[in-house]
Colleague: 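Quick one: the structure is below, and I'll ask about it shortly.
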Amino acid sequence: MRLRSYRKNADFTYIDSWLEEERTHALWCSKLFSHPLSKTEFEQYFEEHEGDARYVLTEDDGKPVGFCAFAVNEQDNLGFAKFIVVDESVRGKGYGTQMLKMLLKSAFELNNVERVGLNVFRQNLAAIGCYRKAGFTETVEIPDTIEFHGEVWGKYTMIAKRS
């Protein structure tokens, strides 16, 4: 596996296919993007957040199996991971953990940040387990963040620190 830069003309189709189910989509983007995912809306978001780096996790044969974005707040020396998703066919097999470990290595070594944060909904137990395995711990709980089809979701902020 390797973590490489997102390729605008090749990778969106994969990401879109991993987010077909509405609940998965909402857990992934906190309703920042409409469902189904629009390439125009997705690309526009990253044009407006030009400091965000986008990465794709690939199998050894080059097939994309994961995606995440990463930003650095230079004032606080804090990195932030977001929009983390893996192909449904490989969920639960350690791909997300591997992707995040690679991202953390890059964040600490290349970006020289002291901590990397991310947000996750409390209802997303599989993601929380993945993030813990990658080295993140819950630091803040924010109740009642969004509503999804009658459910009210709270979230955690999780942090990984440079060791």
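Every heavy atom of this structure was used, including side-chain atoms; hydrogens, water molecules and symmetry mates were not. All figures in this text were calculated on a predicted structure; none of them were measured in a lab.
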Colleague: Are Phe42 and Ile15 packed together at the side-chain level, in the sense that at least one heavy-atom pair is separated by less than 4.5 angstrom?
Modeller: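 Side chain of Phe42 against side chain of Ile15, heavy atoms only: contact under 4.5 Å found.
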
Colleague: Check the surroundings of atom CD in Glu43: do more than 12 heavy atoms from other residues, nucleotides or ligands lie under 6.0 Å from it?
Modeller: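 Enclosed.
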
Colleague: For atom CD of Glu74, is the number of surrounding heavy atoms from other residues, nucleotides or ligands below 6.0 Å larger than 12?
Modeller: no

Colleague: Do Arg122 and Tyr156 come within less than 4.5 Å of each other through their side chains, counting heavy atoms only?
Modeller: yes

Colleague: When rounded to the nearest 0.5 angstrom, what distance separates CD in Glu47 from CG in Asp52?
Modeller: 12.5 Å

Colleague: Evaluate the side-chain hydrogen bond (donor to acceptor under 3.5 Å, both in side chains) criterion for residues Glu59 and Tyr95: first the C-alpha distance (whole Å), next the side-chain angles of each, then the deciding distance (0.1 Å), finally the verdict.
Modeller: CA-CA 10 Å; Glu59 298 266 22; Tyr95 284 71; 3.2 Å; yes

Colleague: Is a side-chain N or O of Glu147 found less than 3.5 angstrom from the main chain of His149, in a donor-acceptor match?
Modeller: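 At least one qualifying donor-acceptor pair exists.
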
Colleague: I need the Leu57 CG to Lys63 NZ distance, nearest 0.5 Å.
Modeller: 11.5 Å

Colleague: Taking all non-hydrogen atoms of both residues into account, name the closest pair between Tyr6 and Lys8 and its distance.
Modeller: CE2-CA, 3.4 Å

Colleague: Could you please spell out the steps behind the ring pair (Phe, Tyr, Trp, His ring centres under 6.0 Å) verdict for Tyr55 and Phe70?
Modeller: CA-CA 8 Å; Tyr55 297 102; Phe70 180 74; 7.2 Å; no

Colleague: Taking atom CG of Leu3 and atom CZ of Phe67, what is their separation to the nearest 0.5 Å?
Modeller: 10.5 Å

Colleague: If you apply the rule side-chain hydrogen bond (donor to acceptor under 3.5 Å, both in side chains), what do you find for Glu21 with Thr24, and how did you get there?
Modeller: CA-CA 5 Å; Glu21 200 273 315; Thr24 302; 3.0 Å; yes

Colleague: If you count heavy atoms of other groups shown closer than 6.0 angstrom to NZ of Lys39, is the number above 12?
Modeller: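 Result for NZ/Lys39: enclosed.
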
Colleague: Treating Ile, Leu, Val, Met, Phe, Trp and Tyr as nodes and any side-chain heavy-atom pair under 4.5 angstrom as an edge, say whether Leu37 and Val65 lie in one connected cluster.
Modeller: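 No: no chain of side-chain contacts under 4.5 Å links Leu37 to Val65.
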
Colleague: Should Leu103 and Met99 count as side-chain neighbours, where that means a heavy-atom distance under 4.5 Å?
Modeller: no

Colleague: Quick one: pull up CG in Leu78 and CD in Glu114 and give me the separation to the nearest 0.5 Å.
Modeller: 10.5 Å

Colleague: Rounded at 0.5 Å granularity, tell me how far CG in Asn124 sits from CG in Asn119.
Modeller: 12.0 Å

Colleague: Quick test of your reading of the model: are Asp11 and Arg54 salt-bridged, counting only N-O distances below 4.0 Å?
Modeller: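 Salt bridge flag = no for Arg54 with Asp11.
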
Colleague: Which heavy-atom pair separates Trp28 from Ile84 by the least distance, and what is that distance?
Modeller: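 That closest heavy-atom pairing would be CD1-O, 3.3 Å.
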
Colleague: Output yes when a side-chain donor or acceptor of His25 lies under 3.5 Å from a complementary backbone atom of Trp18, and no otherwise.
Modeller: no

Colleague: Return yes if some donor-acceptor pair links the side-chain N/O of Arg115 with the main-chain N/O of Ile159 below 3.5 Å, else return no.
Modeller: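 No; zero donor-acceptor contacts below 3.5 Å.
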
Colleague: CZ/Phe83 to CZ/Phe46 distance, rounded to the nearest 0.5 angstrom?
Modeller: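 One finds 5.0 Å between CZ of Phe83 and CZ of Phe46.
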
Colleague: Listed by chain and number, what are the salt bridge (charged side-chain N to carboxylate O under 4.0 Å, His left out) partners of Glu151, not counting sequence neighbours?
Modeller: Arg23

Colleague: I'd like to know if Asp87 pairs up with Lys93 as an ion pair, taking the criterion as any Lys NZ or Arg NE/NH1/NH2 lying under 4.0 Å from an Asp or Glu carboxylate oxygen.
Modeller: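 Salt bridge between Asp87 and Lys93, a charged N being under 4.0 Å from a carboxylate O: no.
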
Colleague: If you define the side chain from C-beta out and look only at heavy atoms, does anything of Phe148 sit under 4.5 Å from Leu27?
Modeller: no

Colleague: If two hydrophobic side chains count as joined below 4.5 Å and joins carry through other members, does Val85 share a cluster with Phe121?
Modeller: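 Looking at the clustering, Phe121 is in a separate group from Val85.
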
Colleague: Write down the atom of Met158, the atom of Ile128, and the distance for their closest heavy-atom approach.
Modeller: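 Where Met158 meets Ile128 most closely, the heavy atoms are CE-O, 4.1 Å.
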
Colleague: Do you know which two heavy atoms are closest between Gln123 and Val152, and how far apart they sit?
Modeller: NE2-O, 3.5 Å

Colleague: Mark yes or no for whether Asp60, through its side chain, and Met1, through its backbone, hold a donor-acceptor pair below 3.5 Å.
Modeller: yes

Colleague: Which atom pair, heavy atoms only, marks the closest approach of Val116 to Phe136?
Modeller: O-CE2, 3.3 Å

Colleague: I'd like to know if the side chain of Asn77 and the backbone of Asn112 have a donor-acceptor N/O pair within less than 3.5 Å.
Modeller: yes

Colleague: Report whether Val56 and Val86 are members of the same hydrophobic cluster (ILVMFWY, side-chain heavy atoms less than 4.5 Å apart, transitive linking).
Modeller: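 No, no single cluster joins them.
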
Colleague: With distance as the sole test, does Arg162 use its side chain to make a donor-acceptor pair with the main-chain N or O of Val113 at under 3.5 Å?
Modeller: yes

Colleague: Give me the atom names and distance for the closest heavy-atom approach of Gly154 to Thr145.
Modeller: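 Between these two residues, the closest heavy atoms are CA-OG1, 3.7 Å.
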
Colleague: If only atom types and distance count, is the side chain of Thr139 paired as donor or acceptor with the main-chain N or O of Thr157 below 3.5 Å?
Modeller: yes

Colleague: State plainly whether one hydrophobic cluster holds both Trp153 and Ile142, where clusters connect Ile, Leu, Val, Met, Phe, Trp and Tyr through side-chain heavy atoms under 4.5 angstrom apart.
Modeller: no

Colleague: Are Leu104 and Met102 connected in the hydrophobic side-chain network, where two residues link if heavy atoms are under 4.5 Å apart?
Modeller: yes

